[in-house]
Amino acid sequence: MPTVDDILDHIGEFHLFQKQTFFLLALLSATFTPIYVGIVFLGFAPSHHCRSPGVSELSQRCGWSPAEELNYTVPGLGAADEAFLRQCMQYEVDWNQSTLGCVDPLASLAANRSHLPLVPCQHGWVYDTHGSSIVTEFNLVCANSWMLDLFQSAVNVGFFVGSMGIGYLADRFGRKFCLLATILINALSGVLMAIAPTYTWMLLFRLIQGLVSKAGWLIGYILITEFVGLSYRRTVGIFYQVSFTVGLLVLAGVAYALPHWRWLQFVVTLPNFCFLLYYWCIPESPRWLISQNKNAKAMRIIKYIAKKNGKSMPASIQSLRAEEEVGEKLNPSFLDLVRTPQIRKHTLILMYNWFTSSVLYQGLIMHMGLAGDNVYLDFFYSALVEFPAAFIIILTIDRIGRRYPWAVSNMVAGVACLASIFIPEDLQGLRVAVACLGRMGITMAYEMVCLVNAELYPTFIRNLGIMVCSSMCDIGGIFTPFLVYRLTEVWLELPLVVFAVIGLIAGGLVLLLPETKGKALPETIQEAENMQRPRKNKEKVIYLQIKKSDVPLN
């Protein structure tokens, strides 16, 4: 009985149909970046200080320059450790009183201005920016700064819940239906967020975007890996993630051109409406249809792919495919991810590696920081680091395999974090180089976990397995800011120690997984269970596949 990979050998593993489908889904991948990392621009917090009534009039009357106005009226100015004072506190002074002079106006009230009483900002803030962000519009600073954290946490909560729920629906009701549903909801909620009148409404629509956007991105990844043949599967998987990196670069340029957050949110959302045209461009996955015993529909799509690729279907394959009409329809269950020993081991290791990749990826960016104060250039340069990681994977994954490059990349990230602790402060260039090495290593690990995750589960729970395991990176995304900022209060380098430990553990656990290089995607639980067995058991695997109706599913 031929598998889908056997059929693709005849009708084209990566011909015109697959290339067109990859291009369309790569666009979807690129447009996920504004939701995943858009907080950098949407929530940008510029320099700010309290707005004090009467200050602007006094400044105009005295002819102060902007620097003089700040120096005379803002507390804590010029002290690196007094950021809270200059941003969140103001002198309890009536600036409209006529007794204030133009040269050191506070001298008439106190010999030492540090003796003047301070109060929290009473009349809002003045922001040093020519654009706008949700921070400047809704004043998410000082006592309200936690609301910006909540905004980002809502996205990650949405990622987590949506990945779990929609992953199940995609395996139950099909990839295409769920992909189009997530695109539509994402588009509508994105536009509504751009016109939201209050912080509460904006938070709600951002949560909805989180619920559907990551799930849609992962469904696109599943679709393209199921459409192509075995020899191209890893390449399209890697370049699907590279398109996300391209999206990072494009986002930096769009954000620079549109410094006002509402226009930025509106523009980056618009492409989603165009993606609704995919209803006529992308068919359902034949692998999923076969796993649901919808073989007639699967054969129609396979014939369409063959026609699109200019190939013909061998008669022998058509006759063999009819034999698959027997058997039970397989419905995915969360228990299938832990019911059998090998799949249970795969699930636990993959969940830990997703969590580790997220914590190290985001944590290294937070801890290292970037030189300069141009957020657009900093964002652009940090995205460029991800390209070498993808090409290293492409060069090694077919020659060495998946497991060893993946393990080494985790270990390199861990060792780089550990090495950074012992590099002196005066060797800043070396510290930055080691930090970039760690970023490259964890980027490789991030791309590898997504690739291998799809290769370790049988078809009917593949989407569910990826969604459940990848949800751990959302948990990591929620905890990482607290992990970095709380531990640095104890010791500046303590987060790097934690990163090193969890990265090295992740690398060791990867070695316990089976090598998937050159192996067809497992179609049944039995095939997934037998992946780590010696090659001599191949006949037994084929026998179990033929007799799959004899194996209880529950």
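Since we're looking at a predicted model, the values are computed, not measured. If you read the sequence from its start, that first residue is 1, and numbering goes on from there. Below, all heavy atoms of this structure are taken into account, side chains as well, without hydrogens, waters or symmetry copies.
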>> Working note: Phe17 + Phe227, criterion ring-ring contact (aromatic ring centres under 6.0 Å, His included); need CA distance, chi angles, decisive distance, verdict.
In response: CA-CA 9 Å; Phe17 168 80; Phe227 276 132; 5.2 Å; yes
Donor-acceptor check, side chain of [X] to backbone of [Y], threshold 3.5 angstrom: yes or no?
{"X": "Lys176", "Y": "Ile282", "result": "yes"}
{"X": "Ser471", "Y": "Phe160", "result": "no"}
{"X": "Glu447", "Y": "Ile238", "result": "no"}
{"X": "Tyr221", "Y": "Leu25", "result": "no"}
{"X": "Trp125", "Y": "Gln87", "result": "yes"}
{"X": "Thr225", "Y": "Ile222", "result": "yes"}
{"X": "Glu137", "Y": "Thr198", "result": "no"}
{"X": "Ser52", "Y": "Val55", "result": "no"}
{"X": "Tyr199", "Y": "Ile134", "result": "no"}
{"X": "Glu13", "Y": "Leu230", "result": "yes"}

What distance separates [X] [atom1] from [Y] [atom2], expressed to the nearest 0.5 Å?
{"X": "Ser29", "Y": "Leu24", "atom1": "OG", "atom2": "CG", "value": "13.0 Å"}
{"X": "Thr31", "Y": "Leu270", "atom1": "OG1", "atom2": "CG", "value": "11.5 Å"}
{"X": "Ile219", "Y": "Ile166", "atom1": "CD1", "atom2": "CD1", "value": "6.5 Å"}
{"X": "Trp146", "Y": "Leu150", "atom1": "CH2", "atom2": "CG", "value": "6.0 Å"}
{"X": "Leu28", "Y": "Ser213", "atom1": "CG", "atom2": "OG", "value": "10.0 Å"}
{"X": "Arg172", "Y": "Leu464", "atom1": "CZ", "atom2": "CG", "value": "11.5 Å"}

Student check: side-chain heavy atoms of [X] and [Y] closer than 4.5 Å:
{"X": "Met147", "Y": "Phe138", "value": "no"}
{"X": "Pro259", "Y": "His130", "value": "yes"}
{"X": "Ile305", "Y": "Gln18", "value": "yes"}
{"X": "Leu148", "Y": "Ile39", "value": "yes"}
{"X": "Leu207", "Y": "Val155", "value": "no"}
{"X": "Thr33", "Y": "Trp217", "value": "no"}
{"X": "Leu42", "Y": "Met193", "value": "yes"}
{"X": "Gln209", "Y": "Gln265", "value": "yes"}

For a quick test of reading the model, state the closest non-hydrogen atom pair linking [X] to [Y] and the distance between them.
{"X": "Val434", "Y": "Ala419", "value": "CG1-CB, 4.4 Å"}
{"X": "Ser470", "Y": "Leu218", "value": "OG-CD1, 3.2 Å"}
{"X": "Ile349", "Y": "Val510", "value": "CG2-N, 4.4 Å"}
{"X": "Ser357", "Y": "Val449", "value": "OG-CG1, 4.4 Å"}
{"X": "Ala389", "Y": "Met444", "value": "CB-CG, 3.4 Å"}
{"X": "Ser285", "Y": "Leu223", "value": "CB-CD2, 3.9 Å"}

>> For Phe41 together with Tyr256, are the ring centres under 6.0 Å from each other?
In response: no
>> Just to verify, what does Trp201 make a ring-ring contact (aromatic ring centres under 6.0 Å, His included) with, not counting sequence neighbours?
In response: Phe205
[atom1] ([X]) with more than 12 external heavy atoms under 6.0 Å:
{"X": "Phe479", "atom1": "CZ", "value": "no"}
{"X": "Trp263", "atom1": "CH2", "value": "no"}
{"X": "Phe177", "atom1": "CZ", "value": "no"}
{"X": "Phe266", "atom1": "CZ", "value": "no"}

>> Quick one about Glu386 and Thr443 (side-chain donor to acceptor, distance below 3.5 Å, no hydrogens or angles considered), yes or no?
In response: no
>> Could you check whether Asn144 and Asn139, counting side-chain N and O atoms only, form a donor-acceptor pair closer than 3.5 Å?
In response: no
> What do the steps show when you test Asn410 against Met448 for side chain to side chain contact (heavy atoms under 4.5 Å, CB included), and what is the final call?
Replying inline: CA-CA 10 Å; Asn410 273 305; Met448 289 293 294; over 6 Å; no
> Can Glu226 and Arg233 be said to form a salt bridge (Lys or Arg N to Asp or Glu O under 4.0 Å), step by step?
Replying inline: CA-CA 8 Å; Glu226 292 186 342; Arg233 193 170 66 227; over 6 Å; no
>> As a quick check of understanding, evaluate side-chain hydrogen bond (donor to acceptor under 3.5 Å, both in side chains) for Thr347 and Tyr457, giving each step before the final call.
In response: CA-CA 9 Å; Thr347 299; Tyr457 287 110; 2.7 Å; yes
> Thinking salt bridges, do Glu455 and Arg402 make one under a 4.0 Å N-O criterion?
Replying inline: yes
> Is the NZ or CZ atom of Arg206 positioned over Phe151's six-membered ring, under 6.0 angstrom from the centre and within 45° of the axis?
Replying inline: no
>> Does Lys214 qualify as a cation-pi partner of Phe32, given the criterion of NZ or CZ under 6.0 Å from the six-membered ring centre and within 45 degrees of its axis?
In response: no
> Checking side-chain hydrogen bond (donor to acceptor under 3.5 Å, both in side chains) for the pair Trp354/Asn453: CA distance, chi angles, key distance, verdict?
Replying inline: CA-CA 10 Å; Trp354 275 105; Asn453 203 151; 2.8 Å; yes
>> Is the ring pair His48/Tyr127 parallel, tilted or perpendicular, if the boundaries are 30 and 60 degrees?
In response: tilted
> Could you walk me through whether Lys308 and Gln20 pass the side chain to side chain contact (heavy atoms under 4.5 Å, CB included) check?
Replying inline: CA-CA 10 Å; Lys308 192 79 173 178; Gln20 289 180 348; 3.1 Å; yes
>> Using the rule ring pair (Phe, Tyr, Trp, His ring centres under 6.0 Å), only one of Tyr36, Phe499, Phe355, Tyr446 pairs with Tyr361; which is it?
In response: Tyr446
> How far apart are the C-alpha atoms of Val268 and Leu251, what are their side-chain angles, what is the distance that settles it, and do they pass the side chain to side chain contact (heavy atoms under 4.5 Å, CB included) test?
Replying inline: CA-CA 8 Å; Val268 299; Leu251 176 61; 4.3 Å; yes
> When you look at Cys88 and Cys50, which way does the disulfide (SG to SG under 2.5 Å) test go after all the steps?
Replying inline: CA-CA 6 Å; Cys88 303; Cys50 297; over 6 Å; no
> Yes or no on side-chain hydrogen bond (donor to acceptor under 3.5 Å, both in side chains) for Asp474 and Asn156, after CA distance, side-chain angles and deciding distance?
Replying inline: CA-CA 5 Å; Asp474 307 322; Asn156 283 280; over 6 Å; no
